[in-house]
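Structure record follows, encoded as structure tokens.
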Amino acid sequence: GGNAPAVALDIGGTLTKILLLERAGENCPGATPPSRDTGQGWDPSDGKRGSFSWKKSAEDKSAEEGAAECDDTTEGQKCDKGRGGLEGRMQVQLNDKESASNKLTLQLYSFPSANIQEVIAFLRSKGIRNMTIPATGGGGHKYASLFAEQLDVTLTPNDEMRSVITGVNYRLLTGAAEAFQYKWGLDAERKAYVSFSGSKTPFPYLLVNIGSGVSIIRVDEGGAYRRISGSCLGGGSFFGLCKLLTGRRDFQDIVDMSRKGDVQNVDLLVSDIYGKGFVKDLGLAEDLIASSFGKVAVSTTSDSSEYRSEDMVRSLIFMFANNIAQIACLLAEREGIHNIIFSGGFIRDNAYVWSKISFGLDFWSGSRLQALFMDHEGYLGALGAYLLYEEEKEKEKEKEKTDKPGPV
């Protein structure tokens with residue numbers, strides 16, 4: 001009905017991300033008495049207490065069981081069941097008042113978009129029916145009629161990039177431990193969180209979104225943004241080449257494979273060209289890559305089986321990460337920007353990519369620019385869609401007050 005939703009969706013081409021807004025002791029108002037305790041859902045538009053509940057049907061069981069296998073994961077852990085489920089939690093604050101009543105816990109769920117019926121069954125199992133749900137991603141349009149028919153749910157699609165930027169800005173400006181730099185090195189690979197509270201501002205910043213391709217957006221204070229460049233060489237290009245070279249068809253398998261690789265087996269290093277002693281005289285690192293896949297090019301064999309899949313995948317990651325970092329560096333210097341936030345499926349939960357992008361940006365900028373990543377980057381589009389929906393509802397309420405005739 002007319003209450004603000006306790007759920008938001010980002011239905012992408014590969015994954016559907018779901019936010020369930022939950023807080024202990026506060027639930028969706030007006031719900032029927034529970035037939036089963038489902039956890040605590042909360043509607044921020046109303047302080048009444050109620051309860052999410054559902055009567056489990058046969059078609060609900062599939063989604064419920066698939067998610068339940070992952071419901072014990074803690075924040076930052078991944079569901080590894082291949083079907084979807086709980087991926088973590090995120091804390092958000094409703095307004096500037098520091099009180100427990102203003103803080104929400106967002107449950108973060110992810111399902112393959114190819115299994116959209118599983119998404120629908122999961123939402124049904126959470127009592128999500130007969131309401132309006134903010135959505136982003138192409139699926140917000142594609143599946144609108146399906147959600148209406150099967151859940152009596154109206155999806156309100158929001159512009160994808162605007163949703164992501166709204167979510168990113170919210171997390172940057174509310175003092176959350178969200179944005180981080182990745183410190184690389186033998187003894188220092190770790191996240192170093194960056195705070196923009198107080199007088200420190202993140203604006204302007206570049207948002208480099210590495211999806212199938214690469215979109216590069218300049219974001220200024222007040223929510224203004226514009227696309228300044230992009231590249232066709234993105235995550236889709238990387239995955240496509242990996243499939244051709246390795247025969248693997250699962251992205252996570254390819255990421256796991258890359259951790260076991262050694263680029264020196266396929267890449268041509270500067271030391272391979274000049275010799276290790278002379279490289280030191282030039283002031284260059286011995287392991288500096290002169291040509292990605294260069295050793296394959298100069299090899300006397302054309303048999304790809306001579307090369308390990310792990311090495312080729314790791315080389316491709318470095319190739320793409322370094323190329324994107326260099327493009328971002330050039331654009332940031334042109335725009336006079338110091339903060340660059342990287343997001344998208346290519347970098348998701350991949351410390352090797354973080355380290356290579358960070359290294360590349362540091363190298364090309366002479367340490368003037370910093371690469372930033374977001375802890376919950378896969379869910380910031382859904383968060384932004386929710387916030388934009390709430391903003392629109394508030395505008396409607398204000399307009400109703402303005403338009404309401406006074407006493408005669």
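Checked by atom type and distance alone, the side chain of E178 pairs as donor or acceptor with a backbone atom of D375 at under 3.5 Å. Judged by distance alone, with hydrogens and angles left aside, the side-chain atoms of R368 form a donor-acceptor pair with the main-chain N or O of S365 at under 3.5 Å. A distance-only check finds no donor-acceptor pair linking the side chain of D250 to the backbone of R248 [under 3.5 Å]. Remark: side-chain polar atoms of H376 are not paired, donor with acceptor, to backbone N or O of L383 under 3.5 angstrom. With hydrogens and angles disregarded, no donor-acceptor distance shorter than 3.5 Å links the side chain of S258 to the backbone of E310. With D267 contributing its side chain and F293 its backbone, the two residues share a donor-acceptor pair below 3.5 Å. The backbone N or O of N158 lies less than 3.5 Å from a partner atom in the side chain of T136, making a donor-acceptor pair.
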Check step by step if side-chain hydrogen bond (donor to acceptor under 3.5 Å, both in side chains) holds for S113 and T16. CA-CA 5 Å; S113 294; T16 293; 3.0 Å; yes
side-chain hydrogen bond (donor to acceptor under 3.5 Å, both in side chains) for Y386 and S163? Distances and angles first, verdict last. CA-CA 8 Å; Y386 181 83; S163 296; over 6 Å; no
Derivation and outcome, ring-ring contact (aromatic ring centres under 6.0 Å, His included), residues F238 and F346: CA-CA 8 Å; F238 165 77; F346 179 67; 5.2 Å; yes
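No side-chain heavy atom of D256 sits under 4.5 Å from any side-chain heavy atom of I254. Contact of the S358 side chain with the L361 side chain is not registered, since no non-hydrogen atoms from C-beta on lie closer than 4.5 Å.
Here the CD1 atom belonging to I165 is positioned 11.5 Å from the CG atom belonging to L380, to the nearest 0.5 angstrom. Remark: L86 CG to Q107 CD distance equals 5.5 Å, nearest 0.5 Å.
Applying the side-chain hydrogen bond (donor to acceptor under 3.5 Å, both in side chains) rule to K399 yields the partners D403; only residues at least two apart in sequence or on another chain are considered. Taking Y352 as the reference, nothing meets the side-chain hydrogen bond (donor to acceptor under 3.5 Å, both in side chains) condition, with sequence neighbours excluded.
In this structure, K17 fails the cation-pi test against Y379, since its NZ or CZ atom is not both closer than 6.0 Å to the six-membered ring centre and inside 45 degrees of the ring normal. In this structure, K243 satisfies the cation-pi test against F239, with its NZ or CZ atom closer than 6.0 Å to the six-membered ring centre and inside 45 degrees of the ring normal.
Of the options F342, F180, F359, a ring pair (Phe, Tyr, Trp, His ring centres under 6.0 Å) to W354 is made by F180 and by none of the others.
The environment of CZ in R308 is crowded: more than 12 heavy-atom neighbours from other residues, nucleotides or ligands sit within 6.0 Å. For F203, the CZ atom is densely surrounded, since the number of other residues' heavy atoms within 6.0 Å is greater than 12.
Centroid-to-centroid, the aromatic rings of Y109 and F122 come within less than 6.0 Å.
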